[in-house]
Amino acid sequence: MLEITRIREHKDAIIEGLKKRGIDAKLEVEAILVTDEKWRTTLSELQTVQSSSNKISKEIGVLFKTGKTEEANKAKEETAALKAKEQVLKQQVGELEELMKEKLYSLPNVPLDVVPSGVSEDDNEVVEEIGEKVMFDFEALPHWDLAEKHGLIDFELGVKVTGAGFPFYKGKGAKLQRGLINYFLDEAEKAGYSECIPPLVVNEESGIGTGQLPDKEGQMYHVTEDDLYLIPTAEVPLTNMYRDVILPNEDFSIKISGYTPCFRREAGSYGKDVRGLNRLHQFDKVEIVRIEHPDKSLAALEEMVNHVKQLLSSLGLHYRILRLCGGDLGFTSAITYDFEVYSAAQERWLEVSSVSLFETFQANRLKLRFKGVDKKTQLCHTLNGSALALPRIVAALLENHQTTDGVEIPKVLVPYVGFERI
RNA sequence: GGAGAAAUGGCAGAGCGGUUGAAUGCACCGGUCUUGAAAACCGGCAUACCGAGAGGUAUCGGGGGUUCGAAUCCCUCUUUCUCCGCCA
């Protein structure tokens, strides 16, 4: 949610910035400012009324105490009109606030200057491509065939027990998962992130805090009985740890990592996009989250990008980095770098990480602030990134490192999985 | 799941339906004193919003109600604690 003060002061820049997302927000922004103005005048009116009725009440107190009952009763009658007025104004203020919230919630974050404009993924900017396509002198198999051939993943069993998109990992396939998780967590720790195991279900407030709610209910599994949501990413619980928090000074840099399964309903997907590990309803991911001073958030973003690069390089994968265009940018993000690995047998790029800076957009909803030197509270910046999402990494590892009779395990993983090849 | 008790500022802990945004202690910050420190003394010390400012409004777990007036009374929800039940 954008800060209202920012909208008041930089209306035109916001409208201009949002054009990069392919939306013309002029009318919405202006409507917000009108509502804001109305809210302020109504609030001020209400407070004047409250002030005078508070005053009278105090006087009544004194009158009763000094035994002037008659005068007190007379004063009581005076308040009736004020009360009625207060009632009406209070309701108006409430309605305006509701309206305001609704409007603000529906406005996405403003992209940073470097974000290219564009409407679809075709307009994303390739920032860097690292590694080379693997060449095979035999018929390379897609990972679902490799998984079956080597008994690593059982998709059909998942369908039987749960449904499509919930595979079983078995034997070396399961060990590979566990090894990757541990490897990623260890690397995050080396980079200064402290590990956390959060709850896998969250309440509505948390969903709102990070921006999954309202609007994107459909993406999350909702446990209606208890009104809880299965997390679509560890970002939700990890960032919400700091909901309603005021950090005591400006000298902070919070770095958290966490492994969790992630649950996504992904309604509406079909075809080769969802084949094998390409898109699952439940998958594992190690997430890194940062809470930074506004002056330090860009540097943090760069650090996170480098962290992910290092992970992908260490696994010997061919990958590229995209700077998402305005149209492809998530609702809450000001800038996002996507990492895609090349899947040699499917011959397509698979997204394995997404690193984003939200500036104050989430912090505003979260009420996540710090105390500045002048004792004023200010909103923090939040960031997060996948480091990394497992299934597509596994897909790429299997496909890119396959041989005619097995799969080579990257050296860095060998100590984690306990074998050199599958 | 059942029965009971509780929820007040960073912490501890008062609080009568009426000048209580809230006593007191601790912590913290500033000052005096001191060569320096401690002690002692003095002062400050919640959050949000509106306002150029003076100032105002709201907030004592959340929501609602009674009342001219609620931290204080009522209803409801949540959470915590104690006891019972169930359980990896």
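Throughout, protein chains are lettered first and strands after them, A, B, ... in sequence-line order, and every chain is numbered starting at 1.
Applying the salt bridge (charged side-chain N to carboxylate O under 4.0 Å, His left out) definition to pairs two or more places apart or across chains, those involving residues 182-197 of chain A are A:E187-A:K190. Listed by first and then second residue, the ring pair (Phe, Tyr, Trp, His ring centres under 6.0 Å) pairs that reach into residues 364-387 of chain A are A:F252-A:F370, A:H293-A:F370, sequence neighbours excluded.
If you take atom P in B:A12 and the same atom in B:U20, they sit 26 Å apart, rounded to whole Å. Taking the C1' atoms as reference points, B:A46 lies 15 Å from B:C29, given to the whole Å. Across B:G65 and B:C60, the matching P atoms stand 15 Å from one another, rounded to whole Å. If you take atom P in B:G56 and the same atom in B:G21, they sit 12 Å apart, rounded to whole Å. On the P atoms, B:G51 is 44 Å away from B:A38, given to the nearest whole Å. Atom name C1', nucleotides B:C45 and B:U24: the rounded distance is 16 Å, in whole Å. Nucleotides B:G85 and B:U66 are separated by 44 Å at their P atoms, to the nearest Å. Comparing B:G62 with B:U79, their P atoms are spaced 15 Å from each other, to the whole Å.
Summarising the base pairing, B:A3 is matched to B:U82 through a Watson-Crick or G-U wobble pair whose two defining distances lie under 3.5 Å. Using Watson-Crick or G-U wobble geometry with both donor-acceptor distances under 3.5 Å, B:A88 finds no partner in any strand shown. B:U47 and B:A58 make up a base pair, with Watson-Crick or G-U wobble contacts both under 3.5 Å. Figure legend. B:C41 is base-paired to B:G31; pairs are counted as Watson-Crick or G-U wobble with both atom distances under 3.5 Å. Remark: B:C73 base-pairs with B:G65; criterion is Watson-Crick or G-U wobble with both hydrogen-bond distances under 3.5 Å. Pair check for B:C11 finds B:G25; Watson-Crick or G-U wobble, both atom distances under 3.5 Å. Nucleotide B:U19 has no partner under the Watson-Crick or G-U criteria, as no pair reaches both atom distances under 3.5 Å.
Within 6.0 Å of the CG atom in A:D113, the count of heavy atoms belonging to other residues, nucleotides or ligands does not exceed 12. Counting heavy atoms of neighbouring residues, nucleotides and ligands inside a 6.0 Å radius, atom CD of A:Q378 exceeds 12 of them.
A salt bridge does not link A:E86 to A:K83: none of the charged side-chain nitrogens sits closer than 4.0 Å to a carboxylate oxygen. No salt bridge links A:K55 with A:E59; every basic N to acidic carboxylate O contact stays at or beyond 4.0 Å.
Residues forming a salt bridge (charged side-chain N to carboxylate O under 4.0 Å, His left out) with A:K19 (at least two apart in sequence, or on another chain): A:E16. For A:E340, the salt bridge (charged side-chain N to carboxylate O under 4.0 Å, His left out) partners two or more places apart in sequence, or in a different chain, are A:R320.
Comparing A:S44 and A:I246 by the nucleotide of RNA chain B that holds the closest heavy atom to each, the one mapping nearer the 5' end is A:I246. Both A:I4 and A:G61 sit near RNA chain B, but only A:G61 has its closest nucleotide nearer the 5' end.
B:G65 atom C1' lies 15 Å from atom CD of A:E86, rounded to whole Å. Atom CD in A:E98 sits roughly 14 Å away from atom C1' in B:G63 (whole-Å rounding). Here B:G56 presents its C1' atom at 15 Å from CD of A:E45, a figure rounded to the nearest Å. One can place CD of A:E37 at 11 Å from P of B:C50, the figure rounded to the nearest angstrom. In this structure, the NZ atom of A:K90 is 7 Å from the P atom of B:U59, given to the nearest Å. Between the P atom of B:G51 and the CG atom of A:L46 lies a distance of 14 Å, rounded to the nearest Å. Atom CG in A:D36 sits roughly 8 Å away from atom P in B:G51 (whole-Å rounding). Rounded to a whole Å, the CD atom of A:E3 is 15 Å from the C1' atom of B:A48.
Checked by atom type, the side-chain pair A:Y337/A:S353 shows no donor-acceptor distance below 3.5 Å.
Across all strands, A:K371 comes closer than 4.0 Å only to sugar-phosphate atoms, never to a base (heavy-atom distances). Backbone-only contact: A:L43 has heavy atoms under 4.0 Å from sugar-phosphate atoms and none from a base.
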Side-chain donor-acceptor contacts of residues 157-173 of chain A below 3.5 Å, not counting sequence neighbours, with atom names and distances?
unit_1 : atom_1 : unit_2 : atom_2 : d
A:K170 : NZ     : A:D154 : OD2    : 3.3
A:K172 : NZ     : A:R421 : O      : 3.2

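With B:G56, B:A48, B:A46 as the candidates, the nucleotide lying closest to the side chain of A:S51 is B:G56. Minimum atom distance to the side chain of A:Q50 is reached by B:A58, of the listed B:A46, B:C50, B:A58. Closest contact between the side chain of A:R369 and the listed nucleotides B:C68, B:U47, B:C50 involves B:U47. Side chain of A:R40, nearest nucleotide from B:C50, B:G21, B:C68: B:C50.
Dashed line: the shortest gap from a side-chain N or O of A:T377 to OP1 or OP2 of B:A48 is under 4.0 Å.
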Return the polar atom pairs (N/O with N/O) between nucleotides 69-72 of chain B and the protein under 3.5 Å, or none.
unit_1 : atom_1 : unit_2 : atom_2 : d
B:G69  : OP1    : A:K83  : NZ     : 2.6
B:G69  : O4'    : A:S57  : OG     : 3.2

